[in-house]
Amino acid sequence: MLKLIPQPQKIEKISDKTFSFTNIKLGTNDLSVEAQEEFISSCSLPFSKSETIIFKTNTALSDEEYIIETGNEITIFSNSTSGQLYALQTIKQILFQCKDKIPHIRISDKPAYKFRGFMLDAGRYFFSVEDVKKIIIRMVLHKLNVLHLHLTEDQGWRIEIKKYPLLTEKGSIRRKTNFNHKPHSGFYTKQDIKKIVDYAHAFCIKVMPEFDIPGHSRAAIACYNNLTCFPRPLPVADHWGVKHDVLCVGREQTMQFVYDILDEFFEMFPDEYIHIGGDEVPKHRWDLCPACSAKREALGLKTSDELQFWFMNRIKDYCKEHGKQAFMWSWDLEDDSLLDTDLGFTKCDDMDTKDRPFIDTSTKANYIDLPYGYISLKDTADHKVYSGNALGVEAALWTEYVPNMKKADLMSFPRTGCIAETGWNGNCSWDSFKEKLDYYYSYLDRNDIGYAKPNKANPNKLRAKLSILLFERRQLAWEGLHNIFDDKKIEKIAENK
């Protein structure tokens, strides 16, 4: 029995024969040069004079679907470039696993979900273009098809915007990170973004950028302080945690700023998805702000939560006018009926989303930055996709404590293998996944991908508690007292207005 990740939908044994592949040559296909070269180099087989992998079109197959038949040659049937690509990823694993004894089989395969994502938070720690390309290759190996780039944060603005140059000149630099007193900086130029998008597209991966608003905006406010309710000099945030200075949605100049940013995003990112943040928005400033109060009154809204619903709907509409499906982070709401149902959620818990489209990004399974003491490999494997109008699943790698690729690999793998299995097959389970774990580790080794070993990925009780205690030191970096004192200052300013 072949052990593949993600496991194909159907593997049929044709006969007891085996076939030896000592040379390789791809037949005529629609794949990019990058995808072909990546496959050939990973197989490490000499070049053949005759075609050993044949591509044929089958118009009855859906997008991303493929059929593989092995024999003296390997034949791939598909109706799309992505079908060809995913077939090669399966063949790559078969060649690695079976060496020179390829079984005589027929594989019929297609994904359960159209959206199979990986989210990289480049706001907290910047990852270079080359690092992002490495992440794209890791996605390809797991048949993931949407790269979600979290590009704007309190702690850093990471993307060039021509109309607002200060966003990168100033907003991409923080003076220190918590208590280490080392500055951190970095941003993607428009040319960098084109390289990332083009490289992703070469592997049938779409790119969903995130412009996180109206919260998580301190880096932008540090550059243009008239964007917040009570303008005053503020630095780019240099500690983790939720900041209370958010965009002032009562002013049209803020709306124009958001539209201007989105216009440049639309030019850089041609795919249909965009993320507009929306979670962790403290309403302290809005409750005191004359402009926000006037906007609530003019719109007939009762609360600041309702004001945020209005804002998110308005931004969603602007995205929709430009052919984009907008997503926002879900959060615990008593009533989200004022949020338009065509505004999608990246859904972090089991709240009722009614008929709203959503991506399952469970904090109980898919937040892969969290220590294995919080989310073990078993927890990720056994997670069932939340009920409702699920478009798919996403692995979410936040980077408060993930400063480089080495740590990114350690936190991402092997959990991403389970998430990929769920996204492709509709479910995963620890009982089935553990049977493939030794093979999976060897395949990660073959591709120079780091990972957490079994005793860390599924820690015992003592190891789990220690990892949680170590992780919880982050509470010291959240500036909770600073927020309290700063709130008092703003209240005095509001009283004097």
Side-chain angles (χ1 to χ4, degrees), residues 121-124 126 149-161 163-175 184-185 187-188 209-265 274-289 291-292 295 304-305 307-312 314-316 318-319 326-329 331 346 398-400 478-479 482-483 486-487 490:
D121 168 18
R124 274 50 177 256
F126 177 72
L149 281 178
H150 184 85
L151 293 165
T152 70
E153 253 306 333
D154 293 313
Q155 294 83 13
W157 185 281
R158 305 296 178 203
I159 183 167
E160 180 184 18
I161 301 295
K163 192 164 185 176
Y164 299 95
L166 284 181
L167 289 173
T168 48
E169 291 174 12
K170 181 179 179 181
S172 67
I173 305 167
R174 63 173 178 263
R175 59 190 178 185
H184 182 77
S185 63
F187 68 91
Y188 304 107
E210 182 173 350
F211 174 26
D212 199 346
I213 48 177
H216 295 279
S217 298
R218 260 282 291 277
I221 293 168
C223 304
Y224 301 97
N225 63 19
N226 62 341
L227 293 172
T228 194
C229 295
F230 298 93
R232 67 201 196 284
L234 288 167
V236 174
D238 51 26
H239 282 68
W240 308 139
V242 177
K243 309 306 173 189
H244 289 197
D245 286 284
V246 301
L247 296 182
C248 177
V249 300
R251 297 176 181 163
E252 279 305 307
Q253 66 186 31
T254 303
M255 303 304 300
Q256 189 57 53
F257 170 81
V258 172
Y259 293 154
D260 290 340
I261 300 296
L262 287 172
D263 286 343
E264 296 200 30
F265 266 59
I274 190 166
H275 204 292
I276 54 177
D279 69 329
E280 297 180 329
V281 185
K283 306 301 193 300
H284 178 267
R285 307 294 192 259
W286 290 4
D287 291 340
L288 299 172
C289 174
C292 289
K295 180 63 72 174
S304 290
D305 276 344
L307 183 63
Q308 186 182 352
F309 296 158
W310 166 81
F311 173 79
M312 302 308 292
R314 186 170 173 183
I315 301 307
K316 178 270 301 177
Y318 192 75
C319 294
F327 288 91
M328 64 175 286
W329 296 104
W331 78 98
T346 37
W398 301 102
T399 62
E400 285 96 336
W478 277 20
E479 290 191 312
H482 178 273
N483 284 338
D486 204 39
D487 287 353
I490 295 300

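Remark: the Asp212 side chain and the Thr152 side chain contain no N/O donor-acceptor pair separated by less than 3.5 Å. Between the side chains of Asp260 and Gln256, a donor-acceptor pair is found at a separation under 3.5 Å. Between the side chains of His275 and Thr346, at least one donor-acceptor pair of N or O atoms lies under 3.5 Å. For the residue pair His244/Asp487, the side-chain donor-acceptor check at 3.5 Å is satisfied.
Looking at every heavy atom in both residues, Gln308 comes nearest to Val281 through NE2-CG2, 3.6 Å. Across all non-hydrogen atoms, the minimal contact from Ser217 to Leu247 is OG-CG, 3.7 Å. Of all heavy-atom pairs spanning Asp245 and Ile221, the tightest one is O-CD1, 3.5 Å. Between Ala326 and Cys319 the shortest heavy-atom distance is CB-CB, 4.2 Å. The two residues Ala291 and Cys248 come nearest to each other via the heavy atoms CB-SG, 4.2 Å. Nearest heavy-atom pair across Ile276 and Met312 is O-CE, 3.6 Å.
Contact annotation: the side chain of Phe311 approaches that of Met255 to within less than 4.5 Å [non-hydrogen atoms, C-beta and beyond]. Counting only heavy atoms from C-beta outward, the side chains of Arg158 and Thr168 never approach each other to under 4.5 Å. Looking at heavy atoms from C-beta onward, Leu234 lies out of side-chain contact with Asn225 at the 4.5 angstrom threshold. When side chains are defined from C-beta on, Pro282 counts as touching Val242, because their heavy atoms get closer than 4.5 Å. Within the 4.5 Å cutoff, the side chain of Lys295 has no heavy atoms near those of the Trp286 side chain. Side-chain atoms of Leu262 and Tyr318, non-hydrogen and from C-beta on, do get closer than 4.5 Å to each other. Within the 4.5 Å cutoff, the side chain of Phe265 has heavy atoms near those of the Leu151 side chain. Considering only heavy atoms from C-beta on, Ile490 comes within 4.5 Å of Arg232 through its side chain.
In this structure, Ile159 CD1 and Ile161 CD1 are separated by 5.0 Å, a value rounded to the nearest 0.5 Å. Rounded to the nearest 0.5 Å, atoms CZ (Phe230) and NE2 (His284) are 8.0 Å apart.
Every residue two or more places apart in sequence or in another chain that forms a side chain to side chain donor-acceptor pair (under 3.5 Å) with Asp121 is listed here: Arg124, Thr399. With sequence neighbours left out, Trp310 forms a ring-ring contact (aromatic ring centres under 6.0 Å, His included) with no residue at all.
Using a distance-only test at 3.5 Å, with no hydrogens or angles considered, no donor-acceptor pair links the side chain of Arg285 to the main chain of Cys229. Of the possible donor and acceptor atoms, none in the side chain of Gln155 sits under 3.5 Å from a partner among the backbone N and O of Ala219. Judged by distance alone, the side chain of Arg251 and the main-chain N or O of Thr228 form a donor-acceptor pair under 3.5 Å.
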- Dump the intermediate steps for side-chain contact (heavy atoms from CB on, under 4.5 Å) on Ile315 and Val258, then the final yes or no. CA-CA 8 Å; Ile315 301 307; Val258 172; 3.6 Å; yes

Practice problem: Starting from the C-alpha separation in whole Å, work towards a yes-or-no answer on side-chain contact (heavy atoms from CB on, under 4.5 Å) for Gln253 and Phe257. | Solution: CA-CA 6 Å; Gln253 66 186 31; Phe257 170 81; over 6 Å; no

Mind running salt bridge (charged side-chain N to carboxylate O under 4.0 Å, His left out) on Asp238 and Arg175 for me, showing each step along the way? CA-CA 7 Å; Asp238 51 26; Arg175 59 190 178 185; 2.5 Å; yes

>> side-chain contact (heavy atoms from CB on, under 4.5 Å), that's the test. Do His239 and Trp478 meet it? Break it down for me.
In response: CA-CA 6 Å; His239 282 68; Trp478 277 20; over 6 Å; no

| task | Please lay out, stage by stage, how Ile274 and Phe327 fare under the test side-chain contact (heavy atoms from CB on, under 4.5 Å). | result | CA-CA 6 Å; Ile274 190 166; Phe327 288 91; over 6 Å; no

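A perpendicular orientation is assigned to the rings of His150 and His216, their planes being inclined by more than 60° (bins at 30° and 60°). Under the 30°/60° scheme for interplanar angles, the aromatic rings of Phe211 and Trp157 are found to stand perpendicular.
Of the residues Asp305, Val246, Leu288, the one that meets the side chain to side chain contact (heavy atoms under 4.5 Å, CB included) test with Lys283 is Asp305.
Not less than 6.0 angstrom separates the ring centroid of Phe126 from the ring centroid of Phe187.
A salt bridge does not link Lys243 with Asp486: every distance from a Lys NZ or Arg NE/NH1/NH2 to an Asp or Glu carboxylate oxygen is 4.0 Å or more. Glu153 has no carboxylate O lying under 4.0 Å from a charged side-chain N of Arg218, or vice versa, which leaves the two without a salt bridge.
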